[in-house]
2 protein chains.
Amino acid sequence: MENKNCSLCLFKSKAAKNLSDPELKQMGNSCAEVVFRKGDTIFKENALSSNIIYLQKGLVKLLIEGPHQTQILRLKKAPCYLGLPTTMGDKVNHYSAVAIEPTTACFIDINTFKNLLKINPDFSFEIITELCRNELEQFHRCVKLIQNQIYGRLANHLLNLSTEVYESTEFKLPLTRNEIADLVCTSRETVSRLLSDLSKEKIIQVDGKQVRILNQALLEKISDKG
Amino acid sequence: MENKNCSLCLFKSKAAKNLSDPELKQMGNSCAEVVFRKGDTIFKENALSSNIIYLQKGLVKLLIEGPHQTQILRLKKAPCYLGLPTTMGDKVNHYSAVAIEPTTACFIDINTFKNLLKINPDFSFEIITELCRNELEQFHRCVKLIQNQIYGRLANHLLNLSTEVYESTEFKLPLTRNEIADLVCTSRETVSRLLSDLSKEKIIQVDGKQVRILNQALLEKISDKG
DNA sequence: AAAATAATGTGATGTATATCACATTATTCC
DNA sequence: GGAATAATGTGATATACATCACATTATTTT
């Protein structure tokens with residue numbers, strides 16, 4: 001791998017904009033690019049965590065084993081860092097990451113990353129800011145997940161896929177009904193039923209995994225009110 | 001306020017151990033100590049966030065307005081930082097902090113704090129580590145909250161109060177049944193019923209707010225299994 | 001292309017827990 | 001210390017959703 005490639009890739013990250021050329025080179029030298037197919041595991045819960053991952057391209061789900069079922073914590077879309085909390089926060093991963101679309105990821109050695117944090121305060125300041133924003137998002141996601149009924153949670157995730165992930169009112173679901181159930185914490189059957197309810201109400205149009213949002217305003221209301 | 005006091009106080013924080021004498025002095029100079037009584041608000045959701053708070057003494061609840069009820073995100077026990085994510089992550093607070101016991105807190109000016117992050121990489125590294133650990137904890141809390149039934153969540157919080165907060169099998173609940181409901185996301189009535197169920201099963205002993213844990217092993221099993 | 005496997009839809013039934021209603025007991029306040 | 005207010009306990013009823021059961025349809029695999 002060449003330094004040139006890495007610096008181009010990492011320049012998408014706000015934090016890495018603070019890195020100097022030699023620092024980027026240093027990162028590039030301990031950085032390995034890996035391609036994943038749909039379904040491939042990028043890192044696994046309980047395995048030793050030794051890399052920060054920079055998602056160059058693709059879409060990933062973060063999974064954690066709950067007391068009753070695996071929970072999809074959130075989806076992460078490139079470009080972004082992956083596994084910052086789980087790699088910096090403990091020796092062992094507290095969740096898994098699995099590609100749900102063809103994905104390219106850079107594995108950055110944790111010691112190199114830590115070193116950059118220590119020698120470049122602007123870089124580390126941006127990382128702090130990003131961690132803080134993530135945590136705030138996570139608080140909101142969590143409260144919504146607990147307090148909203150499933151209809152509202154489902155609406156929320158459909159909107160999220162439409163506006164954040166695919167930036168289109170029509171898209172192909174990257175998840176099975178079972179995975180959607182793990183995301184909104186319900187059963188597969190309920191997902192089926194509620195999707196066809198939304199369809200009957202002409203709020204969305206569903207054909208297998210193909211989804212089109214017909215009434216975004218109403219979907220937003222459902223997402224907010226529960 | 002004197003520098004001497006502040007450095008003593010902040011030395012309890014792992015991150016602040018990396019601060020030099022002049023840096024501690026700098027922090028001390030833009031640091032105000034405030035005493036709160038039970039029920040006092042320390043900072044409020046949606047207000048402009050301008051301070052990092054170091055909890056010297058006491059116990060605090062973090063509140064966020066949910067779509068259906070206020071949610072208690074978590075309890076925070078001194079000594080710890082308060083409002084790191086909400087102050088660094090946005091201009092405005094995403095949650096409130098309210099004292100639930102007599103509490104002493106130091107308000108550190110955000111600009112001073114940011115400056116220290118920029119000039120002292122070891123300090124900022126520790127803050128990153130703490131943020132990461134918090135986020136991991138939060139993931140686990142969230143999954144437990146969604147997947148466990150209320151009996152399990154209640155057990156979990158009773159254990160937490162016993163082992164983390166009061167470090168005793170007997171303690172006085174710092175929350176009303178209503179607040180416990182906001183914590184485990186249920187109704188006041190259900191909290192009443194489940195507490196007396198736990199009592200009938202001889203797992204805990206309840207007299208008003210006074211609680212004694214009689215069968216910790218079983219309580220842990222309930223907390224884990226749901 | 002056939003066989004095997006995985007994903008999905010849909011009815012019937014059960015249950016945890018919300019909600020309403022009201023009685024009882026603590027706390028706070030003047 | 002009595003009045004007002006807040007906190008708590010407990011029954012009856014309603015409901016969102018889980019779970020089970022099975023039919024149907026996609027998707028892989030060979």
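A note on names: the letters A, B, ... follow the listed sequences, proteins ahead of strands, and every chain is numbered from 1. The shown structure was predicted, so the numbers you read here are calculated from the model rather than taken from an experiment.
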Seminar exercise, completed: Of the listed D:dA7, D:dG9, C:dA18, the closest approach to the B:Thr186 side chain comes from C:dA18

For this session: Taking only the side-chain nitrogens and oxygens of B:Ser187, find out if one of them lies under 4.0 Å from OP1 or OP2 of C:dT17.
Result: no

Problem set entry | d(CG, B:Leu173; C1', C:dA26) in whole Å | 15 Å

For this session: Between B:Arg193 and A:Arg153, name the one whose nearest nucleotide on DNA chain D is closer to the 5' end.
Result: B:Arg193

For this session: Check every atom of C:dT17, D:dC20, C:dG9 against the side chain of A:Glu189 and return the nucleotide holding the closest atom.
Result: D:dC20

Exercise. What is the distance, rounded to the nearest whole Å, between atom CD of A:Gln210 and atom C1' of C:dA7?
Worked result: 17 Å

Seminar exercise, completed: Nearest-nucleotide check on DNA chain D, B:Arg188 vs A:Tyr151; residue mapping nearer the 5' end is B:Arg188

For this session: State, with a plain yes or no, whether a side-chain heavy atom of B:Ile204 is found less than 4.5 Å away from one of B:Leu214.
Result: no

Seminar exercise, completed: B:Lys209 NZ to C:dT25 P, in whole Å, measures 17 Å

For this session: Take the protein atom CG of B:Leu175 and the nucleotide atom C1' of D:dA7, then report the distance between them rounded to whole Å.
Result: 13 Å

Exercise. Got B:Phe113 and B:Leu84 here, is their nearest side-chain heavy-atom distance under 4.5 Å?
Worked result: yes

Problem set entry | More than 12 heavy atoms of other groups within 6.0 Å of B:Lys77 NZ | yes

Exercise. Starting at CG of B:Asp197 and ending at P of C:dA16, how long is that distance when rounded to a whole Å?
Worked result: 11 Å

Exercise. Which of the following nucleotides, C:dA7, C:dT10, C:dA18, is nearest to the side chain of A:Thr176?
Worked result: C:dA7

Exercise. Where do A:Gln138 and B:Glu135 land on the side chain to side chain donor-acceptor pair (under 3.5 Å) test, with the steps shown first?
Worked result: CA-CA 8 Å; A:Gln138 182 58 26; B:Glu135 191 162 345; over 6 Å; no

Problem set entry | Separation of atom CG in A:Leu145 from atom P in D:dC17, rounded to whole Å | 12 Å

For this session: With the side chain of B:Ser192 defined as its heavy atoms from C-beta on, choose the nearest nucleotide among C:dA18, D:dT10, C:dT10.
Result: D:dT10

Exercise. From C:dG9, C:dT17, D:dC17, pick the nucleotide closest to the side chain of A:Arg177?
Worked result: C:dG9

Problem set entry | B:Lys38 atom NZ: more than 12 heavy-atom contacts under 6.0 Å | yes

For this session: Write down the distance between CD (B:Gln147) and C1' (D:dC17), rounded to a whole number of angstrom.
Result: 15 Å

Exercise. What is the distance, rounded to the nearest whole Å, between atom CG of B:Asn148 and atom P of C:dT17?
Worked result: 10 Å

